[in-house]
Structure formats: structure tokens, C-alpha cells
Undergrad: 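Here it is: the structure, laid out below.
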Amino acid sequence: MTYEYDVVIAGASVAGCASAMLFATRGARVALLEKRTTIDAHKVLCTHTLQPGALPVLKTLGVLPELEAAGAQGHVTELWTPWGWIRPRPEPGGEPLPHGLNVRRSTLDPILRQAAARTPGVDLMLGEAVTGLLEENGRITGVRTGARTITARLTVGADGRGSTVAAHSGLPARVSANNRLGFFARYRGLPPAPSRVWFLDPDTAFAFPNDGDITVIACSPSKEKHSAAFRRDMEGSFESFVRALPDAPPIDEGERVSKVVGTFDMPNVYRKPHRPGLALVGDAALATDPLWGVGIGWALQSAQWLADASVPGPGEGLEEYGRKHRSSLDSHHKLMEDYSSVRPFNPFEKLLLSAAARDAVSARHYQLFAGRLIDVKEFASPAALLRALRVNALHRLGR
Ligand SMILES: Cc1cc2nc3c(=O)[nH]c(=O)nc-3n(C[C@H](O)[C@H](O)[C@H](O)COP(=O)(O)OP(=O)(O)OC[C@H]3O[C@@H](n4cnc5c(N)ncnc54)[C@H](O)[C@@H]3O)c2cc1C
């Protein structure tokens, strides 16, 4: 059949814009459909901390200088644990640590969408909501919107956690409960501080300095313990939770410039990311617990893996994309899914985190894992476990 486009993409947010740019720079003609009507629309429910694993894709897309000029803040996150702070530092005289980026979605999303819109080969169509898929002989051949049909060699679902494309695709999904709440607010004028995460075991909290002198403060406590109080008084419960943190961010020294927003329910959704003629990227493929701040990075990386696997052209290499997606994200997601049950740390996590709070090498090792630069197997490698045992034994002996 003759196709109008090489690639049609549903959703022009992180995963969709990245996919559009990566395919177009490889010579494809891309239709990028976004249900929202303005180019500067942005996702609201997001605390927008990007892990170091996200940065190579932003570099490839060429948007890093613009993000930095807009005030995006590099970060090496510090973590409070019951054993003390983990403060990753470079080796003396060594290379700087790989850093992540904190940048508001109101800054990030428009920069990405404008970059996609000006990429030759990309037709950005705003106000176009995908409502269904076209199929011929078991292959997806395009999409339907309210007003039109668009055919393409490859259809990409980049339409987020509640993906319409996925719902129409028949692809299997594994959905599991997340027993945490997720709430956050923005503060202006807080004293300078690094990006911080509190692992209260099992509750968690976060403080991320962003562009525009904004610090995002967030918490992710147990649903069972905190739901009733948050439903009764969301703002009061949120701020008392934050004030009670050890070394709490001094929220009363700044001004809260947003409502407290968040969600009582955000299940983990993991879908098979392809079938003939169709691929899912970003949250449409895998929406994991937001606690770990990995969704934006994985949206960018999955777009990159899809474009890299699409050899010799769009619609090819989907099995390869599926393998890369699974081998890169499966072990991380399984651990996150398990932790979203609100269980306490397991003995391995206790060992590795306590050592990271006491030892610079173990702290750097933890930072690579939290930045999603190494996988779960490497994080809990025999060498890392042995070092952690030694660090803790010496600590007990007072050395
Ligand atoms: C409370 C919370 C906090 C989070 N904090 C972080 C964090 O700190 N760091 C991090 O990395 N991640 C975080 N995430 C996750 C992150 O927001 C997502 O992983 C990320 O936005 C996924 O990008 P995406 O492009 O796949 O999907 P989205 O950003 O959700 O974009 C989907 C796009 O598709 C469009 N769309 C939807 N349906 C259609 C349709 N039918 N037709 C056309 N267009 C459509 C939407 O309008 C939207 O533009 C958080 C999530 C939550 C819920």
C-alpha cells in the first residue's frame, strides 16, 4: 500500500517529540499529532528531575544548550537514609560525576515541541487527538483522529500513561498497584541547596531546585498510613510531612507559588512495546512509579532505541526494539514495582545503602545506579556487596 507518511506519532510530549526528531533526521517523513492545541502546553503532574541517563539523548536532539540557557539546573542528588546522608563526590582529582538535570516541564516541553516543529520532515499537528488505529492483514497501518485518517509505515504511541493507541493495539499490559501517594508543590526563594531525596523507609520525600528559582518539594508516603489525612487536608498534611523531615527544607523561609498537587492513585503499567507496524514509547510502553524520577529519561531513551532499531527503515526492527527495551528497563522496573508495595528495604538494599552513607566509593556506585547508568545486577554485584560488607564491618569496629 502507499503510505502518506513514514511515521505517524500520537502525542507530542517528551517521547513523541524525541521520536519525531530522531526519525526525521534519518530522512523519514513524520506526522506528529498532539491532542492539545498550543505549542507551549506542558505536563502538570510531574516533578521533572531528569536522571543522568537522559542527557545523551538531549545532547543528540541538540536541545541541551537551550535548556541550560533557560536555567535548567545540573544535579548530583544527595540521599538521606536511616544510616546518614549519601553524598556522592568525585574521586579526588577525578572526573566530575555524571549529573542529571532539573528543569520545569513548562520550560522543557515547549523547547522540545518547538525543536520538533522546526525539524525538516516533521509535520506537527496540534489539536489532533488519535481516536483509533487502522489495520490491514494484522499490521497497523496508521491512525484515525476525529477529522481524518493518516497512514504510515510505522505508527508510534507516545500518548502517555493512559495511551489510547495502546488501548486500541491489543498489546498485553501488566498493571500493578502502587501503594504510595504522590504530592508536590513549588516554592520560590528557598536557600540554595543540592537536589535531595529522603528515604525514610518506606516513606520518601524530595527537594529539587529548578530553573526560575523554583524548588519542587514532593513526598511519596504510604497510601495506607496517609490517605485519610491527605484527603481531609491536603495542604496541611503535605506541609507537616515536609516540616518533619530530618534536615527539612526550610519551606517557611520561601513562598509557596503553587497549589499542592498530586495523585492518590498511579498504578504501574508495563506493556509489550510493539506489534507489526506499531511501537509504544515513553509512558505508553512503561509507566513506572514516579518516585524514582526516571520517566522522562526513559521516554527519551526509548525513542532513541526505537529509531536506532528501525533499520532499514520505519516499521522494521521492532523485535530488536522490544529486546532493547526489555533488557534495559525490565530489572529496574521489577525492583521499582516491588518497592511500590511500600515494603521496607530488603537486606541487600540495607547493606548497599548503609555502606554508601559511610564510604565514598560505595556512594559513587549508588549514584550510578540511581542515575540509571548501571543495572540492578551491577548495582548488587559481588564486588559491590563485598565492599559494603567490609565498610560496615570496619564501621562497627569504629574505624
Ligand atoms: C506525580 C508524578 C511525578 C513525576 N515526576 C517525575 C520526575 O521527577 N522525573 C521523571 O523523569 N519523570 C517523572 N514522572 C513521569 C513523567 O512525567 C513521565 O514518565 C513522562 O512525562 C513520560 O513522557 P511521555 O512523552 O511518554 O508521556 P507524556 O508526557 O504523558 O505525554 C503524552 C502526550 O500525548 C498527548 N496525548 C494523549 N493522548 C493523545 C491522543 N489520543 N492523541 C494525541 N495526543 C495525545 C498528551 O497531550 C501529551 O502531550 C512523574 C509522573 C508523575 C505522575
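Below, each value reflects all heavy atoms present in this structure, side chains not excepted, and no hydrogens, waters or symmetry copies. Note that ligands are numbered from 1 as they come in the structure, with each ligand's atoms numbered from 1 the same way.
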Undergrad: Among all protein non-hydrogen atoms, which one is nearest to atom 27 (O) of ligand 1, and what is the separation to 0.1 Å?
TA: Gly160 CA, 3.6 Å

Undergrad: Can Arg161 be said to touch ligand 1, with heavy atoms closer than 4.0 Å?
TA: no

Undergrad: Applying a heavy-atom cut-off of 4.0 Å, say which part of Lys43 lies close to ligand 1: side chain, backbone, both or neither.
TA: side chain

Undergrad: Are the aromatic ring centres of Phe208 and His48 under 6.0 angstrom apart?
TA: no

Undergrad: Relative to the heavy atoms of Pro290, which atoms of ligand 1 are at a distance of less than 4.0 Å?
TA: 2 (C), 3 (C), 4 (C), 50 (C), 51 (C), 52 (C), 53 (C)

Undergrad: Yes or no: does Ala158 have any heavy atom under 4.0 Å from an atom of ligand 1?
TA: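 Contact check Ala158 vs ligand 1: positive.
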
Undergrad: Under 4.0 Å from a heavy atom of Ile296: which atoms of ligand 1 are those, numbered in the order shown and with their elements?
TA: 10 (C), 11 (O), 12 (N), 19 (O)

Undergrad: Taking non-hydrogen atoms only, is Leu50 closer than 4.0 angstrom to ligand 1 via side chain, backbone, both or neither?
TA: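 Within the 4.0 Å criterion, Leu50 makes no contact with ligand 1.
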
Undergrad: Kindly say whether the aromatic ring centers of Tyr321 and His325 come within a distance under 6.0 Å.
TA: yes

Undergrad: Tell me whether the centres of the aromatic rings in Trp85 and Trp198 are closer together than 6.0 Å.
TA: yes

Undergrad: What about the rings of Phe369 and His332, do their centers lie closer together than 6.0 Å?
TA: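 Centroid separation for Phe369 and His332: below 6.0 Å.
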
Undergrad: Looking only at non-hydrogen atoms, which of Asn102, Leu291, Val130 approaches atom 40 (C) of ligand 1 most closely?
TA: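 Result: the heavy atom closest to atom 40 (C) of ligand 1 is in Val130.
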
Undergrad: What atoms in ligand 1 come closer than 4.0 Å to a heavy atom of Glu128?
TA: 42 (N), 43 (C)

Undergrad: Check Val294 against ligand 1 and report side chain, backbone, both or neither, counting heavy atoms closer than 4.0 Å.
TA: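 Contact part for Val294 vs ligand 1: backbone (N, CA, C, O).
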
Undergrad: Among all protein heavy atoms in this structure, tell me which lies nearest to atom 44 (N) of ligand 1, with the distance rounded to 0.1 Å.
TA: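 Ranking protein heavy atoms by distance from atom 44 (N) of ligand 1, first comes Lys35 N, 3.2 Å.
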
Undergrad: So which protein heavy atom does atom 25 (O) of ligand 1 come closest to, and at what separation?
TA: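 For atom 25 (O) of ligand 1, the nearest protein heavy atom comes out as Ala15 N, 2.9 Å.
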
Undergrad: Starting from atom 18 (C) of ligand 1, which protein heavy atom do you reach first, and at what distance in Å?
TA: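 Of every protein heavy atom, Asp283 OD2, 3.3 Å lies nearest to atom 18 (C) of ligand 1.
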
Undergrad: Which of the atoms of ligand 1 are close to Thr49, meaning less than 4.0 Å from one of its heavy atoms?
TA: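 Going through ligand 1 atom by atom, the ones under 4.0 Å from Thr49 are 7 (C), 8 (O), 9 (N), 10 (C), 11 (O).
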
Undergrad: Do Thr141 and Glu136 have a side chain donor and acceptor closer than 3.5 Å?
TA: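 Result is no, nothing qualifies.
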
Undergrad: Do Tyr5 and Asp123 have side-chain N/O donor and acceptor atoms under 3.5 Å apart?
TA: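 Yes - a donor-acceptor pair under 3.5 Å links their side chains.
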
Undergrad: Considering the heavy atoms of Arg105, write down every atom of ligand 1 situated less than 4.0 Å from one of them.
TA: 17 (O), 20 (C), 21 (O), 29 (O)

Undergrad: Report yes or no: does Ala129 have a heavy atom closer than 4.0 Å to ligand 1?
TA: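 Judged by the 4.0 Å heavy-atom criterion, Ala129 does count as contacting ligand 1.
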
Undergrad: For atom 2 (C) of ligand 1, what is the nearest protein heavy atom, given as residue, atom name and distance?
TA: Leu45 O, 3.5 Å

Undergrad: Using the rule given for salt bridge (charged side-chain N to carboxylate O under 4.0 Å, His left out), can you reason through Arg180 versus Asp289, listing the C-alpha separation, both sets of side-chain angles and the distance that settles it, and then say yes or no?
TA: CA-CA 9 Å; Arg180 291 175 194 283; Asp289 187 351; 3.8 Å; yes

Undergrad: Among all the protein's non-hydrogen atoms, which is closest to atom 23 (O) of ligand 1, and how far away is it?
TA: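 The answer is Ala299 CB, 3.8 Å.
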
Undergrad: Which is it for Ala218 and ligand 1 at heavy atoms under 4.0 Å: side chain, backbone, both or neither?
TA: neither

Undergrad: Which is closest to atom 38 (N) of ligand 1 by heavy-atom distance: Asp159, Val281, Asp289?
TA: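 The nearest heavy atom belongs to Asp159.
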
Undergrad: Would Gln51 count as a contact residue for ligand 1, given that I'm defining contact as a non-hydrogen atom of the residue lying under 4.0 Å from a ligand atom?
TA: no

Undergrad: Honestly, is Arg231 close enough over Phe264, meaning NZ or CZ under 6.0 Å from the six-membered ring centre and within 45° of the axis?
TA: yes

Undergrad: If I compare all heavy atoms of Ala152 with all of Val7, which pair ends up nearest, and what's the gap?
TA: CB-C, 3.8 Å

Undergrad: Among all protein heavy atoms, pick the one closest to atom 49 (O) of ligand 1 and tell me residue, atom and distance.
TA: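 Its nearest protein heavy-atom neighbour is Glu34 OE1, 2.7 Å.
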
Undergrad: Is Val14 in polar range of ligand 1, meaning some N or O pair under 3.5 Å apart?
TA: yes

Undergrad: With Arg364 as the cation and Tyr366 as the aromatic partner, state whether NZ or CZ is under 6.0 Å from the six-membered ring centre and within 45° of the axis.
TA: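 Cation-pi check for Arg364 and Tyr366: fails.
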
Undergrad: Measure from atom 12 (N) of ligand 1 to every heavy atom in Gly127, Gly295, Gly297 and give the option owning the shortest one.
TA: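 It is Gly295 whose heavy atom sits nearest to atom 12 (N) of ligand 1.
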
Undergrad: Can you list the ligand 1 atoms lying under 4.0 Å from a non-hydrogen atom of Ser13?
TA: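 Per the distance check, 25 (O), 28 (P), 29 (O), 31 (O), 32 (C), 33 (C), 48 (C), 49 (O).
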
Undergrad: How far is atom 8 (O) of ligand 1 from the closest protein heavy atom, and which atom is that?
TA: Thr47 OG1, 2.6 Å

Undergrad: May I ask you to list the atoms of ligand 1 that are less than 4.0 angstrom from any heavy atom of Gly282?
TA: 26 (O)

Undergrad: Applying side-chain contact (heavy atoms from CB on, under 4.5 Å) between Ser19 and each of Val14, Leu32, Val30, Val281, report the one that passes.
TA: Val281

Undergrad: Quick one: closest heavy-atom pair of Arg139 and Arg275, and the distance?
TA: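 It is N-NH2, 4.4 Å.
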
Undergrad: So, Phe345 versus Phe199, ring centres under 6.0 angstrom or not?
TA: yes

Undergrad: Does only the side chain of Thr164 get under 4.0 Å from ligand 1, or the backbone, or both, or neither? Count heavy atoms.
TA: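 Just the side chain.
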
Undergrad: When you compare the side chains of Asn179 and Ser340, does any donor N or O come within less than 3.5 Å of an acceptor on the partner?
TA: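 No, Ser340 and Asn179 have no side-chain donor paired with an acceptor closer than 3.5 Å.
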
Undergrad: Give the atom numbers and elements of ligand 1 that come within less than 4.0 Å of a heavy atom of Leu33.
TA: 43 (C), 44 (N)

Undergrad: Does any donor atom in the side chain of Thr107 or Asp211 lie under 3.5 Å from an acceptor atom in the other side chain?
TA: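 Note: Thr107 and Asp211 side chains meet the donor-acceptor criterion.
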
Undergrad: Do Phe23 and Leu318 belong together in a cluster built from hydrophobic side chains that touch within less than 4.5 Å?
TA: yes

Undergrad: Tell me if the aromatic rings of Phe238 and Phe230 count as close, with their centers under 6.0 Å from one another.
TA: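 Judged by ring-centre distance (under 6.0 Å), Phe238 and Phe230 do not meet the cut-off.
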
Undergrad: Just let me know how Cys46 lines up against ligand 1, side chain, backbone, both or neither, with a heavy-atom cut-off below 4.0 Å.
TA: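 It is both backbone and side chain that touch ligand 1.
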
